[in-house]
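These values consider heavy atoms only, across backbone and side chains, with no hydrogens, waters or symmetry-generated copies.
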Amino acid sequence: MQLTVALKQMAIAVINDLYGVLLPETSITITETKPDFEGDYTIVLFGLLKQLRQSPDGLGMAMGQALQAAHPDMVVGFTVVKGFLNLTISDAYWLNTLQHTHNTQYGWQPANGKKLMVEYSSPNTNKPLHLGHLRNNFLGWSVAELYKATGYEVVKTCIVNDRGVHICKSMLAWQKFGQGATPQSTNKKGDHLVGDYYVMFEQALKAETAPLLEKLRAGEAVAGLDAVAAEKLPLLQAKIHDAALAPEKRDEAQAALTEMARNATPLMAEVRQMLLKWEQGDAETIALWQTMNGWVYAGFDATYQRIGSNFDLVYYESETYLLGKQRVEEGLALGVFYKKADGSVWIDLSTDGFDEKLVLRKDGTSVYMTQDIGLAERKYADFAMDESIYVVGDEQNYHLSVLKLICQKLNMPFAGGIKHLSYGMVELPTGRMKSREGTVVDADDLCNEMEGVAAAKTLELGKVNDFEPHELAALYATLGMGALKFYLLRVDPKKRMIFNPEESIDFHGFTGPFVQYTYARIQSVLRKMDDRGANATAAHSSSLLPAEKAVLVLLEQFEGQIALAAAEMNPSILAGYVFLLAKTFNGLYAEHSIVGAESIEKQVLRLKICRLVATVLKNGMGLLGIGVPARM
RNA sequence: GGCUGCGUAGUUCAAUGGAUAGAAUAGGAGUUUCCUAAACUCUAGAUCUAGGUUCGAUUCCUAGCGCGGCUACCA
């Protein structure tokens, strides 16, 4: 059992003995003792004083004595400072952690019988993966593994957005400008090739939009506007020239006008026509769609393999987008939804703090929400999970809240188990990434760059000159991806983060390579000891120096840190822990020799510490999706 | 406008309402005849503003200022 959990239970027991009051576990606050005070863990007494009608000193002394008397093998001393009861834990207790030295699964919990689904990645098939996807992929993968480690049965899923207007844009541009180009003929990854045509489409669209926009700005009429747009037009035209209006409002109107002009272009008309043909099952359109998506999937597979993403189930929007309709029909009968005069179907969530939300268009086609309702149902039919985590950016907080609420109102059995791992945008120092401005950081490019830096740094240091080419390639991948993953996972997922291309590619300090380096040095020590035929059966020292104890205290926390990171869906907790462990171990390494320890007992002790630190670093980094090298 | 999130060292990030707000990096000063210096040691440096709640507030509440996101019959 984790020490802090045990201490809480012990505290509750002694309070019950002393005062006859049975407190809940949550009422006990335990923190690590500040370095300036004597002790290892501290019970904060302030919150208990009023209820127990005790003075800080009185309660502290009474609890300290009772704890020490009841658990003399664990609590070997205490001090009371103001309202803090500082407990000193016995060396024997810390040394006890070393019983796990040969357990390669240290940190893992047995199965708990619960099932969890984690959906992550969710790419569109019209362009390659970018930096934002990487944060999503790393988070999703890591959270899934964290839950596995705490005993859940976990299934990783991916929803591929493989249909819709955006896909047709790439297809249309390829038809118009592609001249039969293929990944083979251009020697290009399929996802990048298709992405190029998406960009080409946007460029061509921009060219077509410009003259239309000029006309609209000048107050002239243009062909191709639908009725709704035509109605809004005069107001917008007035707004953009209204000097009395706030600049933001003028910009807003300007953007709406631009959107209107884009939709009035012949190109967009062609795209809509293509989408229609796709939905009607037009053979030629479907064939093109299958071909181009095939290229994209081959490209995605390469990237996924490289970044370590994998999925147990893959859903395709093209296969699920009709599924939600049936539930909407049933919900309509139940009165959860209602139909407007034009035939569109809505749900009124105003009493739940939301707005009215459309769930079916007036022409009967499904929208984003419709298919997500259908997908949720299908997921449950496939896996019957207790909980379902959606790894989706925070710009969709509203959507996910509404999805859960609708599922609850439909009495779907899985509704309560829906959780949203809402993560913040990755931004550049110049602001948000914008595909229109070409500032999107491509995932493949970034991976290449990271491995390039790893290679340059490795060659510069020259420590692995005897490696074979394939060993070097593997090492560069381990280090480059380690640096990248650690960088994106070390920040609280909920917060948006800045990616600085210059500064982020760092291999020093709070980074993946720092931890990997610590691991490699331990392996080096272990190899050296093996060479010398170290005495494995000798007893280890039973007293602890401060540097040794500091490492053991951290090793004991591993399970608790995994549990916390999983419960919070927050891998950064584990990243911080692993870094702290590596740093603390480096202190021990610098201060005390292991191979050349002052005695056999000390050597055996430090060797055991080395082994367990190596296991925890390997397992901990593994939960972040990061490998550790035997040498670097 | 409505809803919602965030403001912490020069920079990037920490801190279940708890003790003197921690790291990393950049800056300054050091450490290698000794297990990998991608390391270690020392140094300097921060809570947006104004109120409130209480033994105690970076954390909770109110207002203001600043920066995001959402507010589509797009996904």
Can you tell me how far P of B:U12 sits from CG of A:Leu428, to the nearest Å? 13 Å

Does a side-chain N or O from A:Lys82 land closer than 4.0 Å to OP1 or OP2 of B:A19, or not? no

What are the residues of residues 36-50 of chain A, sorted by number, that bring a heavy atom to within less than 4.0 Å of RNA chain B? A:Asp36, A:Phe37, A:Thr42, A:Val44, A:Phe46, A:Gly47

Please tabulate, one pair per line, each protein N/O and nucleotide N/O from nucleotides 26-29 of chain B that are separated by under 3.5 Å, including the distance.
none

For residues 342-349 of chain A, which side-chain N or O atoms pair as donor and acceptor with protein atoms under 3.5 Å away, sequence neighbours left out?
{"from": "A:Asp342", "atom 1": "OD1", "to": "A:Ser344", "atom 2": "N", "distance (Å)": "2.9"}
{"from": "A:Asp342", "atom 1": "OD1", "to": "A:Ser344", "atom 2": "OG", "distance (Å)": "2.7"}
{"from": "A:Ser344", "atom 1": "OG", "to": "A:Trp346", "atom 2": "NE1", "distance (Å)": "2.8"}
{"from": "A:Asp348", "atom 1": "OD1", "to": "A:Ser350", "atom 2": "N", "distance (Å)": "3.0"}
{"from": "A:Asp348", "atom 1": "OD1", "to": "A:Ser350", "atom 2": "OG", "distance (Å)": "2.7"}
{"from": "A:Asp348", "atom 1": "OD2", "to": "A:Ser350", "atom 2": "OG", "distance (Å)": "3.4"}

Options B:A14, B:A19, B:C35, nucleotide nearest the side-chain atoms of A:Val81: B:A19

Applying ring-ring contact (aromatic ring centres under 6.0 Å, His included), name anything that partners A:Tyr577, two or more places apart in sequence or on another chain. A:Phe558

Round to the nearest Å and state the distance from A:Leu489 atom CG to B:U12 atom C1'. 16 Å

A:Tyr487, A:Phe510, A:Phe585, A:Phe486 screened by ring-ring contact (aromatic ring centres under 6.0 Å, His included) with A:Phe579, the one that passes: A:Phe510

P atom, B:C73 versus B:G17: distance in rounded Å? 40 Å

Pick base, sugar-phosphate or nothing for A:Lys528, based on heavy-atom distances below 4.0 Å to the nucleic acid. sugar-phosphate

A:Arg521: partners by salt bridge (charged side-chain N to carboxylate O under 4.0 Å, His left out), with sequence neighbours left out: none

Watson-Crick or G-U pairs under 3.5 Å in RNA chain B, rendered as dot-bracket with [ ] for crossing pairs and | for another strand: (((((((..((((....[...)))).(((((.......)))))....(((((..]....))))))))))))....

When you compare B:G22 with B:C61, how far apart are their P atoms, in angstrom units rounded to a whole number? 25 Å

Residues 42-53 of chain A side chain polar contacts: donor-acceptor under 3.5 Å, at least two apart:
{"from": "A:Thr42", "atom 1": "OG1", "to": "A:Thr33", "atom 2": "OG1", "distance (Å)": "2.7"}
{"from": "A:Thr42", "atom 1": "OG1", "to": "A:Asn86", "atom 2": "OD1", "distance (Å)": "2.7"}

Can you tell me how far C1' of B:G18 sits from CG of A:Asn86, to the nearest Å? 12 Å

Does the side chain of A:Tyr338 come under 3.5 Å of the side chain of A:Glu356 through a donor N or O and an acceptor N or O? yes

Closest listed nucleotide, where the reference is the side chain of A:Phe84 and the choices are B:G18, B:U12, B:U36: B:G18

Atom NE2 of A:His592 and atom C1' of B:C34: how far apart are they, to the nearest Å? 15 Å

Any carboxylate oxygen within less than 4.0 angstrom of a Lys/Arg side-chain nitrogen, looking at A:Lys357 and A:Asp352? no

If we take the C1' atom in both B:A23 and B:A15, what is their distance in whole Å? 11 Å

Pick the P atom in B:A44 and in B:A24, then give their distance to the nearest Å. 15 Å

With sequence neighbours excluded, what pairs up with A:Phe201 under the ring-ring contact (aromatic ring centres under 6.0 Å, His included) test? none

Hey, what do you get for OH (A:Tyr368) to CD (A:Gln396), rounding to the nearest 0.5 Å? 3.5 Å

NA contact type, A:Thr458, heavy-atom cut-off 4.0 Å: base, sugar-phosphate, or nothing? base

Determine the Euclidean distance between corresponding P atoms of B:C40 and B:U25; express it in Å to zero decimal places. 8 Å

Going 5' to 3' along nucleotides 39-48 of chain B, which nucleotides have protein heavy atoms under 4.0 Å from the base (write B), which only from the sugar-phosphate (write S), and which from neither (write -)? SS--------

Keeping A:Ser524 on the side-chain end and A:Ala520 on the backbone end, is there a donor-acceptor pair under 3.5 Å? no

Nearest-angstrom distance from the residue atom NZ of A:Lys457 to C1' of B:U36: 13 Å

Tell me, which pairs form a salt bridge (Lys or Arg N to Asp or Glu O under 4.0 Å) where one or both residues lie in residues 159-169 of chain A, sequence neighbours left out? A:Arg163-A:Glu279, A:Arg163-A:Glu317, A:Lys169-A:Glu202

Atom-pair distance (CE on A:Met632; P on B:U36), nearest Å: 13 Å

Measure from CZ on A:Phe585 to P on B:C35 and round the result to the nearest Å. 14 Å

Smallest separation among heavy atoms of A:Arg262 and A:Met268, with atom names: O-CG, 3.1 Å

Taking atom C1' in both B:U47 and B:G7, compute the distance separating them and give it to the nearest angstrom. 10 Å

Check whether any side-chain N or O of A:Thr265 sits under 3.5 Å from a backbone N or O of A:Ala261 as a donor-acceptor pair, and report yes or no. no

Give the residues of residues 570-579 of chain A touching RNA chain B, defined as any heavy atom closer than 4.0 Å, sorted by residue number. A:Phe579

Check the phosphate of B:C35 against A:Ser593, side-chain N and O only, distance under 4.0 Å to OP1 or OP2. Yes or no? no

Kindly assign one of parallel, tilted or perpendicular to the pair A:Phe354 and A:Tyr398, based on the angle between their ring planes and the thresholds 30° and 60°. perpendicular

If you assign each of A:Leu461 and A:Asp492 to its closest nucleotide in RNA chain B, which residue comes earlier from the 5' end? A:Asp492

What closest approach, in Å, do A:Ile522 and A:Ala614 show between heavy atoms, and which atom pair accounts for it? CG2-CB, 3.9 Å

Would you say A:His399 and A:Asp372 are linked by a side-chain donor-acceptor pair, where the criterion is simply a distance under 3.5 Å? yes

Sugar-phosphate, base or nothing in reach of A:Ile498, heavy atoms under 4.0 Å: sugar-phosphate

Atom NZ of A:Lys340: over 12 foreign heavy atoms under 6.0 Å: yes

Between A:Thr125 and A:Val160, the two heavy atoms sitting closest are CG2-CG1, 3.6 Å

Are the side chains of A:Glu25 and A:Gln9 in touch, meaning some heavy atoms are under 4.5 Å apart? yes

Checking the side chain of A:His420 only, and the main-chain atoms of A:Ser401 only, is there a donor and an acceptor separated by less than 3.5 Å? no

Any side-chain heavy atom of A:Phe138 sitting closer than 4.5 Å to one from A:Ile626? no

Gap between atoms CZ and C1', on A:Phe510 and B:A15 respectively (whole Å): 13 Å

Distance check, P atoms only: B:U36 and B:A29, in whole angstrom units. 30 Å

Protein-to-nucleotide contact annotation, 5' to 3' order, nucleotides 68-75 of chain B [B base; S sugar-phosphate only; - none; under 4.0 Å, heavy atom]: SSS--BSB

Determine the interatomic distance between C1' on B:C13 and the same-named atom on B:U62; round to the nearest Å. 29 Å

Is the phosphate of B:U12 approached by A:Lys495 (side-chain N or O, under 4.0 Å from OP1 or OP2)? no

